[in-house]
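Written below as structure tokens is the structure these notes are about.
The figures here come from the full heavy-atom set of this structure, side chains too, leaving out hydrogens, waters and symmetry mates. Below, read A as the first sequence line, B as the second, and so on, with proteins coming before strands; counting in each chain starts at 1.
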Amino acid sequence: MGLFAELRDSISRVSASLFADDSEPKRIGIYGPPNAGKTTLANRIARDWTGDAVGPESHIPHETRRARRKENVEINRDGKTVNIDIVDTPGVTTKVDYSEFLEHDMEKDEAVRRSREATEGVAEAMHWLREDVDGVIYVLDSTEDPFTQVNTMLIGIIESRDLPVLILANKTDLEESNIQRVSNAFPQHETIPLSALEGENMDEVYEKIAEYFG
Amino acid sequence: MPETTSDDGPGDGVQIDLISAERMSGKTSMEKIRMILDGVRDGKIVVLEAGLTPDEESKLIEVTMSEINPDGFSGIEIESFPQSETSDTGLLGRLMGKQSTSKLTVVGPANQIQSLHKDETLISALVSRK
């Protein structure tokens, strides 16, 4: 991108932040690889503050195949109120093979349909990231190696757009959880441990949401 | 400029295209993405001397997803070194049109390339025939 286009973008970004209406909810995208627990977290936040869920959870990868938005989630922390729209996004990957779904007792037609929807969902998630989110909660499964290309690329994309990002090391209820490994992978960011499934350490998560996105 | 790759196909072997930073420098984002995906869909391993910008990486994922089909192309495997903090361009650098892309990047068909090990200084991958 040339000098003037970059300059124009920077000016519009600065002026947008200067004149932003604080009463408008910020759109916070929940991103991460498949099966990191994004929907479980989105549901936990939505249930805690609105009483509703965002979408169905599953151990099958790519259960979330469309970005889902829960609007006007008002989080109160230490006298501070943060109004956000939660956008639960499909897990980002660079490959989708329908045969992986066959391992989950699906017929071929269903597996093909699901893989097609999954690819559309990932493309949609990337589009949201470039155009439509004001901040990111990046969810990682702390029992898995965080040092993957998809994670590196996505954090790089988020940083390049100057979006505030909160990294969550999820699934701390599992024995193999390794929070330090997640911290080491992204030392430039703070890592918050949690179990979205069990609701462990959600107080700190809400404090950080208020701090990062308020 | 003459094409450096053969259209005869890799035969029994695996073709590797090493693409210089110079060759990519004059291309638009979509031209770069098209060049990478055309090569990968032909079963080639594409090695970029200078990688893509974060924005181009995001578009590469998006375009890759739109081209996946159940009976043929299942996507890409991509590996590159993370950006070092010293190569990070600040606001001034970006205003001057600088992009920190100097990172070796390897892209291949998902069903032919498998990452074995990766850290800040080493990427080890297993490449198989189709």
Neighbour count >12 (heavy atoms, 6.0 Å) for atom CZ, A:Arg69: yes
field: Structural part of B:Ile78 lying under 4.5 Å from a heavy atom of chain A
entry: both
- request: Find the distance between CG (B:Asp55) and OG (A:Ser160) and round it off to the nearest 0.5 Å.
  value: 6.5 Å
message: Please identify, among A:Met153, A:Met126, A:Lys95, A:Gln149, the residue contributing the most non-hydrogen atom pairs under 4.5 Å to chain B.
response: A:Gln149
query: For B:Thr64, is it the side chain, the backbone, both, or neither that has a heavy atom closer than 4.5 Å to a heavy atom of chain A?
result: side chain
- request: Write down the atom of A:Ile157, the atom of B:Pro54, and the distance for their closest heavy-atom approach.
  value: CG1-O, 3.2 Å
query: At what distance, to the nearest 0.5 angstrom, does OH of A:Tyr98 lie from CG of B:Asn69?
result: 10.5 Å
query: If you round to the nearest 0.5 Å, how far is CD1 of B:Ile61 from OG1 of A:Thr119?
result: 13.5 Å
Flag if over 12 foreign heavy atoms under 6.0 Å of CD, A:Glu176: yes
message: I'd like to know which of B:Pro70, B:Ser115, B:Ala110, B:Pro109 tops the heavy-atom pair count under 4.5 Å against chain A.
response: B:Pro70
query: Are B:Lys59 and A:Arg130 close enough, and set up right, to give a side chain to side chain contact (heavy atoms under 4.5 Å, CB included), and what steps lead you there?
result: CA-CA 9 Å; B:Lys59 286 174 186 155; A:Arg130 283 205 309 274; 3.6 Å; yes
query: Crowded around A:Asp52 CG? As in, over 12 foreign heavy atoms under 6.0 Å?
result: yes
- request: Would you please test A:Thr94 and B:Glu77 for side chain to side chain donor-acceptor pair (under 3.5 Å) and show each step?
  value: CA-CA 7 Å; A:Thr94 59; B:Glu77 194 69 62; 5.0 Å; no
- prompt: If you look at every heavy atom in B:Glu62 and A:His127, which pair is closest and at what distance?
  reply: OE2-ND1, 3.7 Å
